[in-house]
2 protein chains.
Amino acid sequence: MRKFNMSYVRRVGALEDSFLGSGLPYGTARILYEIGLGAETVQDLRIRLGGLDSGYVSRMLRTLESKGYVAMDRDPSDGRRRLVALTEDGLKQWDDLERRSEERAHLLLDPLTQRQRDRLNDALATADLLVRAATIIIEQVDPRDPIAQMAMGHYFAEIGDRFGFTVGDEGFGDDPSLRAPHGAFFIAASDGAPVASGGVREFDGTGEIKRMWVDPAWRGAGLGSRLLRHLEAEALKLGHRVVRLDTRDVLSEAIGMYERAGYERIDRYNDNPHATHFFQKAMS
Amino acid sequence: MRKFNMSYVRRVGALEDSFLGSGLPYGTARILYEIGLGAETVQDLRIRLGGLDSGYVSRMLRTLESKGYVAMDRDPSDGRRRLVALTEDGLKQWDDLERRSEERAHLLLDPLTQRQRDRLNDALATADLLVRAATIIIEQVDPRDPIAQMAMGHYFAEIGDRFGFTVGDEGFGDDPSLRAPHGAFFIAASDGAPVASGGVREFDGTGEIKRMWVDPAWRGAGLGSRLLRHLEAEALKLGHRVVRLDTRDVLSEAIGMYERAGYERIDRYNDNPHATHFFQKAMS
DNA sequence: TCATGTATCTGACTTTAGTCAGGTATATCC
DNA sequence: GGATATACCTGACTAAAGTCAGATACATGA
């Protein structure tokens with residue numbers, strides 16, 4: 001991996017050079033680029049660029065404004081915020097960056113045969129997925145937090161989708177049992193969007209895992225079992241040595257995962273009408 | 001591919017952070033690192049780092065010298081040149097960089113299962129090979145050039161190896177037929193080392209391809225057919241519409257490649273005792 | 001031996017990237 | 001309505017990265 005980095009960066013790292021042809025310094029070009037990609041407020045930009053200093057960003061925006069590439073306006077819904085947008089000239093610049101970058105990529109791929117290009121694409125896609133998966137961090141959030149709500153929204157939407165029923169709006173409102181002191185809720189996010197989530201709570205004197213969901217695009221990346229281990233550890237912290245969960249026969253991947261993780265099938269322990277399978281695991 | 005760059009650099013690009021913990025600025029740390037990797041002269045360093053300004057490098061070396069990490073000495077074989085080497089302290093620093101970088105890589109891979117790590121490794125190795133292959137440039141050299149001699153050395157060594165005979169030193173001395181005006185010799189180099197070579201000359205009124213060799217580590221990367229196309233184009237330039245070549249039955253990969261490239265088997269056209277197969281291609 | 005070229009160095013300079021300490025206007029909570 | 005927090009801004013600063021114009025010592029070919 002380190003070998004790859006050295007060699008790759010040496011050859012392809014020149015990607016950044018594409019920013020240089022624009023006459024803009026790298027940092028400023030990155031800002032322009034992110035605006036074109038959809039950043040709408042200064043704050044948004046700062047987050048996308050990895051938490052840059054606000055003064056620094058402000059100054060670069062001033063530069064871009066004076067060159068006539070971006071226009072700024074106050075946000076009507078919050079007067080402290082300012083909206084950023086590309087002007088027509090800015091859009092031209094952005095297209096230019098895109099084109100130059102595209103050209104570079106083509107130049108590199110040119111000597112390869114179609115089959116090799118396909119292989120390279122596959123390899124990079126695989127590497128990308130795995131690196132993204134590896135850099136995902138699981139963190140505890142309040143189930144009322146917007147990001148948690150978003151994740152539960154996905155969860156219920158998918159359940160509704162797969163099982164042919166829908167839940168009302170109250171469905172994923174607040175569930176106090178998933179909050180301290182008797183429960184916890186976790187999400188795994190990639191680039192700010194939730195890709196997996198799940199909670200643990202107390203039920204009938206044991207731990208219970210609830211609302212576990214993994215983004216379909218991320219299944220098979222080991223995220224589910226990672227999250228599961230996390231939830232089990234949390235259940236232990238909450239004082240339970242046994243965790244249970246229910247699921248449904250249609251979710252065969254999930255069932256396989258539970259079995260591989262050491263869960264054993266038990267009899268029905270609740271009256272959830274949608275559940276068909278019930279599992280339990282004793283932790284040491 | 002561009003998508004990969006953005007996402008990969010954002011996550012792993014922090015690789016460079018490993019240089020930061022050393023208390024040395026990035027550029028200076030890179031110099032230290034390259035010396036540890038084997039750079040021996042200032043010039044060597046400048047080339048490895050992509051043509052940095054000589055004054056800039058000189059200044060950084062002064063810094064490293066004053067910190068006691070590198071020792072410099074004049075080159076006895078050329079008094080203008082200066083040799084660089086790590087001191088004991090410098091070596092310690094270098095090991096530290098290595099260790100830190102290794103740690104980072106481990107930290108990243110930690111959340112992955114063994115299977116995923118293997119997959120990532122494979123994917124990166126494939127991507128690396130292909131990117132290296134894509135960035136190789138084929139260039140014409142005089143067959144007496146040291147790099148050409150090196151390539152022919154590999155070629156004869158391998159022939160000797162595979163066929164159980166050896167050639168004398170005169171074997172790969174100068175072959176005027178592979179030079180202008182009736183011939184040409186090409187090498188493909190990666191990081192300064194030849195990875196493939198081949199020549200074209202006039203023989204019996206047609207073009208003939210000679211001494212084609214691809215580094216065993218690079219076979220299957222399409223380098224052979226790329227070089228072959230190059231040689232054919234050169235033969236055309238030299239005024240031939242037909243190229244021939246001889247090879248030996250043991251070289252089945254090569255034979256397959258010639259056939260895929262449109263070569264047809266013909267009768268023996270020379271008295272090369274080591275050749276068993278003879279091919280020809282008519283170009284339009 | 002002289003002209004020319006090469007390898008490295010020094011000094012003076014610029015641009016980029018980034019930090020830190022406030023300041024102003026607006027929003028929000030009690 | 002007042003305290004506090006937030007979003008953005010300005011000004012003053014630093015360190016890193018890099019450029020450019022010579023200077024110096026040595027090498028090389030005619």
Side-chain angles (χ1 to χ4, degrees), chain A residues 9 13-14 16-35 39-67 70-85 144 146, chain B residues 9-10 13-14 16-35 39-67 69-85:
Chain A
V9 169
E16 286 130 33
D17 293 357
S18 64
F19 282 114
L20 288 175
S22 65
L24 292 171
Y26 182 57
T28 315
R30 255 165 83 217
I31 294 225
L32 181 81
Y33 191 72
E34 284 295 338
I35 298 174
E40 289 184 343
T41 63
V42 178
Q43 199 178 23
D44 201 3
L45 269 175
R46 296 216 298 128
I47 293 170
R48 283 167 185 249
L49 295 174
L52 287 189
D53 180 81
S54 84
Y56 183 33
V57 170
S58 184
R59 221 178 307 279
M60 286 194 279
L61 282 169
R62 226 67 328 107
T63 307
L64 288 170
E65 222 179 351
S66 77
K67 296 207 179 210
V70 313
M72 300 193 64
D73 229 331
R74 88 200 327 257
D75 185 339
S77 75
D78 183 339
R80 293 168 302 182
R81 262 204 288 259
R82 302 195 64 196
L83 302 174
V84 294
R144 289 164 299 185
Chain B
V9 168
R10 184 131 88 190
E16 287 129 32
D17 293 357
S18 65
F19 282 113
L20 288 174
S22 64
L24 292 171
Y26 181 57
T28 315
R30 255 166 85 215
I31 293 225
L32 181 82
Y33 191 72
E34 283 296 337
I35 298 174
E40 290 184 343
T41 64
V42 178
Q43 200 177 22
D44 201 2
L45 270 175
R46 296 215 298 129
I47 294 170
R48 283 166 184 249
L49 296 175
L52 287 190
D53 179 81
S54 82
Y56 183 32
V57 170
S58 184
R59 220 178 308 278
M60 286 193 280
L61 282 169
R62 223 71 323 110
T63 307
L64 287 170
E65 222 179 351
S66 76
K67 295 207 179 211
Y69 295 152
V70 314
M72 301 193 63
D73 229 330
R74 86 199 330 254
D75 184 339
S77 76
D78 184 338
R80 293 167 303 181
R81 261 203 289 259
R82 302 196 62 197
L83 302 175
V84 293

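Predicted, not measured: the structure shown is a model, and the values here were computed from it. To find a chain, count down the sequence lines: A is the first, B the second, and so on, and within it residues start at 1.
Across the protein-nucleic acid pair, A:Leu49 atom CG and D:dC8 atom P stand 13 Å apart, rounded to whole Å. In this structure, CZ of B:Arg62 is placed 11 Å from P of C:dG11, rounded to the nearest angstrom. The separation between A:Ile31 atom CD1 and C:dT16 atom C1' is 13 Å, rounded to whole Å. Atom CG of B:Leu45 is separated from atom C1' of C:dC9 by 15 Å (rounded to the nearest Å). In this entry the distance linking CD of B:Glu65 with C1' of C:dC9 reads 12 Å, nearest Å. Rounded to whole Å, atom P of D:dA25 lies 17 Å from atom CE of B:Met72. For the pair A:Gln43 CD and C:dT26 P, the computed distance is 17 Å after rounding to whole Å. For A:Tyr56 and C:dT15, the OH to P distance is 15 Å, given to the nearest whole Å.
Base contact: A:Gly55 has a heavy atom under 4.0 Å from a base atom. Using a 4.0 Å heavy-atom criterion, one finds that B:Met60 contacts no nucleic acid atom at all.
A pairwise comparison of heavy atoms in B:Arg30 and B:Leu49 identifies NH2-O, 3.7 Å as the closest pair. Counting all heavy atoms, side chain and backbone alike, B:Val70 lies closest to B:Glu65 at O-CG, 3.5 Å.
The shortest side-chain heavy-atom distance between A:Thr41 and A:Leu83 falls under the 4.5 Å cut-off.
In the region residues 74-84 of chain A, proximity to DNA chain C at under 4.0 angstrom, judged on heavy atoms, holds for A:Arg74, A:Asp78, A:Gly79, A:Arg80.
With distances taken from any side-chain atom of A:Ser58 to the nucleotides D:dC9, C:dT10, C:dA17, the minimum falls on D:dC9. Out of C:dA17, D:dC9, C:dT19, the shortest distance to the side chain of A:Asp53 is found at C:dT19.
Positionally, the nearest nucleotide of DNA chain C for B:Val42 lies more toward the 5' end than for the other of A:Gly27 and B:Val42.
Between D:dC8 and A:Arg59, no contact under 4.0 Å exists linking OP1 or OP2 to a side-chain N or O.
No donor-acceptor distance shorter than 3.5 angstrom exists from the side chain of A:Arg46 to the backbone of A:Val42, with no hydrogens or angles considered.
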